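All remarks here apply to the structure that follows.
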Amino acid sequence: MKNRSAFFYSSMAIGILLFFLSLFYLFTSYQTDSSRVVERLKFNASFVELWLIKSFSDSDAVLNDMARDLAESGPTRIEDDLVKHQNEQFYLKEKEDALPNATLAFVVDDTCVLTHSETLRNINLSEREYCKSLINNETKDSVVTLPFIDLAGRHVVVHGKKIIDDERKLKGIVCLSTNLSFFNITLSQLQLPSSMGIAILSTNMKLLSAIPKGNLPLGKGIDLSSVDPSILEQFYRDNEVIMSSDIYDNGTLDTIYARKIKGLPFIVVVTKEQDYWQTKLSLSLMAVIGCFAVIIGLLLFNINYLKKTRAQKDKYSELAYNDYLTGVNNRRAFEIQANKVFKTYKNDKQVFSLIMCDIDNFKEYNDKFGHDVGDQIITAFSEACSAQINQDDIVARLGGDEFIVLLHNKDKEQAVMIAESLQNVIRDLSVLVDGQELSMTCSMGVATVSELTTSLHELLNIADTQLYKAKEAGRNCVRFEL
């Protein structure tokens, strides 16, 4: 009997010990796995955060270029100069097409009246957040807005940048609009398991994206009435929070991690079903597979995104340094290259010359035949100039029908001969319009660098003066400084 009692009590003690050891093991395993889940959620949130920061950093770089270029040449109202306004609108469209997150590029003036858009203009947008934020704050030069409904009825986020001229005067705001579908389309490439979810909210708690869970429409406000105020207080204090809730109202408790994205009005929310007790044996394996899927998905997305970014960078470089109509150098590219040539001259005394060119009576072509014909004439003129000079020489369009040619290692006599030869080529050119051949002539002014030349700007002024003299002499001739 005593042996039985001893065996019974010892078995009970061992059983109770094993029971508590099992509870302890389950508890510690649950704690460990919960920590792993939280770390995984933070990991996924970090990738989404980096993607959003990269996307809006790219659009910020594009906006900087646009604001700088528009500050130099515009923006121009359509009533003031139709051609210049159309060129600026075409430029905005080029930039818009180059960015994957851009739905629309547009410009408002310094009173927040819409001046450049695909279909609308002269609309007062002073109540928009980007106008209030930038015009009323002199120290702030860019803003990413909270989502709102635009004039076309779309839920959008707008990234705006001030256009400021050299005198620090505000000339307007250039903006890129992002449709909320951009967020969802991009996140949907991650192929997350059904137990996980990623959502992007604005800081005023409107839904921007949700995959693969959630049935609220994009732009819908999130109801926070059921959230413990202390959790919200912690989030506003620390910019991140971890909590548990039946967020999808499907009877399943989820672990939720929310983080405010630094520098942007967005919040990323990552969720994971708390299925530990049902799938204890597979939890670790699911965590590994889930993280691997997210990593591979994000890496593949980033590889593809980097390829697009490189292509966009090449396109931006071409737009920044090439004339959009003729493909030759624009004014900015010419000044950069010509200044290098001038610096070489100062060091090595390697002579060079400039030919300033202007198509004679070009305005009459535009007025009589239209700007499309004018563009054909400019293009033909540009191709003729490029074909007649050496590969090392520089052809650039300064604007309108005005061109400049830089000739390396050519003194005044050689430059004049080349200019006269080029004039003969231009005289033989013709543009066929409705069965009619249109010919053209041009005036040219030649300037050659010398010991007395103090700057490239001075040399350009000399060439421009000689061009003016050629026009005064009846056009269709070459003039040079004696």
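Since the structure is predicted, the reported quantities are computational estimates derived from the model, not experimental observations.
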Checklist entry - Tell me, which pairs form a disulfide bond (SG atoms under 2.5 Å apart) where one or both residues lie in residues 70-154, sequence neighbours left out? => result Cys112-Cys131

Checklist entry - Partners of Glu240 by side-chain hydrogen bond (donor to acceptor under 3.5 Å, both in side chains), sequence neighbours excluded? => result Tyr257

Next on the checklist: Using modelled atom types and a 3.5 Å cut-off, is there a donor and acceptor pairing between side-chain atoms of Thr145 and backbone atoms of Val158?
Outcome noted: yes

Checklist entry - Who are the side-chain hydrogen bond (donor to acceptor under 3.5 Å, both in side chains) partners of Ser133, not counting sequence neighbours? => result Lys140

Identify all side-chain donor-acceptor contacts of residues 438-447 below 3.5 Å with residues at least two apart in sequence or on another chain.
residue	atom	partner	partner atom	Å
Thr441	OG1	Asp360	OD2	2.8
Ser443	OG	Asp360	OD1	2.6
Ser443	OG	Asn476	N	3.4

Checklist entry - Less than 4.0 Å between a side-chain N and a carboxylate O, is that true for Lys161 and Asp60? => result yes

Checklist entry - Can we call the ring centroids of Tyr91 and Tyr324 under 6.0 Å apart? => result no

Would you be so kind as to tabulate the donor-acceptor pairs closer than 3.5 Å made by side chains of residues 395-405, with sequence neighbours excluded?
residue	atom	partner	partner atom	Å
Arg397	NE	Gly400	O	2.8
Arg397	NH1	Asp323	OD1	3.3
Arg397	NH1	Asp323	OD2	3.2
Arg397	NH2	Gly400	O	3.0
Asp401	OD2	Ile359	N	3.4

Checklist entry - Within the side chain of His155, is there an N or O that forms a donor-acceptor pair under 3.5 Å with the backbone of Leu180? => result no

Checklist entry - Are the side chains of Thr115 and Val108 in touch, meaning some heavy atoms are under 4.5 Å apart? => result no

Checklist entry - Taking the six-membered ring for Trp, are Phe183 and Trp51 parallel (under 30°), tilted (30 to 60°) or perpendicular (over 60°)? => result perpendicular

Next on the checklist: Please list all pairs meeting ring pair (Phe, Tyr, Trp, His ring centres under 6.0 Å) that have one or both residues in residues 325-344, counting only residues at least two apart or in different chains.
Outcome noted: none

